[in-house]
Amino acid sequence: MRPAVYITRKLPDSILQHLSGHVHIKMWDKENEPVPQEILQEEIREADGLLCLLTDQVDEKLLSGAPHLKIAANMAVGYNNIDVAAAAKRRIIVTNAPGVLTETTADLTFALLMAAAQRLVESSDFLRAGNWSAWTPMELTGQDIYGATLGIIGMGRIGQALARRAKGFNMRIVYHNRSRKPEVEKELGLDFYTDLYDMLPVCDYVCILVPYTSELHHFIGEKEMNAMKQTAVLINTARGGLVDEEALFTALSTGKLFAAGLDVFEKEPVNPDSPLLSLSNLVTLPHIGSASRATRLKMAKLAADNIIAVLSGKPPLTPV
Ligand code: GLV
Ligand code: GLV
């Protein structure tokens with residue numbers, strides 16, 4: 001009998017066909033609604049493999065009811081939705097989708113930086129609301145990007161891809177990372193800061209690109225925002241929990257920071273009534289960092305290939 005794989009969201013047909021050649025698949029057949037946890041708990045009882053998304057909580061309780069499970073393949077580079085220790089205890093392999101989304105996410109991060117700095121969304125809204133009465137010397141003026149200083153927190157693949165883009169804008173690039181990366185520094189001309197609080201005051205832009213863990217909850221909070229320039233722009237395209245949203249609201253509404261861009265939120269989807277959404281100097285996106293067609297297909301294919309490999313007795317391609 002073919003191994004059984006549960007897929008937690010409707011995926012494109014090409015991916016399903018690819019998987020069906022190797023395994024028996026069952027799928028939560030909705031595209032924009034996560035599978036309820038009770039149903040997942042029920043379905044996982046028979047599953048040898050799980051293809052899951054960042055909206056699924058793969059925790060101790062779920063795994064304890066999965067006697068056959070050999071692999072949980074996350075269709076994301078981040079895997080903070082999975083209790084990796086609980087999986088390891090049961091010898092369940094966890095895989096993520098690194099590499100394939102690096103350039104797309106760096107593109108989106110730079111786009112968000114530009115949108116926040118140049119007040120693009122606010123300016124578009126201004127025009128459409130009929131407020132454009134004349135060309136005006138200081139109206140809707142933003143911050144320059146060319147030649148400014150970019151601070152990158154987290155110099156992984158996406159951080160490096162972002163730095164390559166910033167070089168094209170003649171930016172000075174500084175970074176903070178758990179470990180120093182001398183080769184990357186040399187290749188991209190970066191300056192390393194051991195101490196985050198030494199780096200923040202020199203940055204015109206701060207982009208956070210670290211994986212989320214509970215130790216990094218609210219890594220950027222009031223203290224960090226206070227250390228930044230009043231003209232600075234903060235961008236988060238990693239995970240919402242890294243930034244203290246209440247502190248960000250205060251910083252943006254009191255002029256302590258010039259602007260921010262968020263692709264991710266502490267709770268997703270963000271509540272449409274959230275005070276954050278009332279701020280004109282905050283650009284908000286619905287977690288679309290990897291959302292090019294080609295990249296999303298590559299992420300799904302990589303998750304599928306990890307499952308096929310493990311369930312046919314081969315090593316996973318991208319274990320966490
Ligand atoms: C998206 O947020 C991912 O982690 O891939
Ligand atoms: C981190 O997840 C990266 O790809 O940089």
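When a ligand or atom number is given, it counts from 1 through the structure's own listing order.
- Counting only distance, with no hydrogens or angles, the side chain of E245 and the backbone of E266 share a donor-acceptor pair below 3.5 Å.
- Listed by number with element, the atoms of ligand 1 under 4.0 Å from a non-hydrogen atom of A76 are 3 (C), 4 (O), 5 (O).
- Ligand 1 has no atom lying under 4.0 Å from any heavy atom of M75.
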| E185 vs Y175, side-chain hydrogen bond (donor to acceptor under 3.5 Å, both in side chains): CA-CA, chis, key distance, verdict | CA-CA 9 Å; E185 259 172 55; Y175 80 106; 2.6 Å; yes
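- With rounding to the nearest 0.5 Å, the separation of CG in L101 from CE in M75 is 9.5 Å.
- With a heavy-atom cut-off of 4.0 Å, L101 touches ligand 1 through its side chain alone.
- A donor-acceptor pair under 3.5 Å is formed between the side chain of R165 and the backbone N or O of E103.
- When side chains are defined from C-beta on, P182 does not count as touching F192, because their heavy atoms never get closer than 4.5 Å.
- Every atom of ligand 1 with a heavy atom of L54 under 4.0 Å away is listed here by number and element: 1 (C), 2 (O).
- At a 4.0 Å heavy-atom cut-off, ligand 1 does not touch T105 at all.
- For E268, the CD atom sits in a packed shell: over 12 heavy atoms of surrounding residues, nucleotides or ligands are nearer than 6.0 Å.
- Annotation for ligand 1: atoms under 4.0 Å from non-hydrogen atoms of H287 are 1 (C), 2 (O).
- Close N/O approach between S290 and ligand 1 is not found [any backbone or side-chain N/O within under 3.5 Å].
- The nearest protein atom to atom 5 (O) of ligand 1, hydrogens excluded, is given as V77 N, 2.7 Å; this is a heavy-atom distance.
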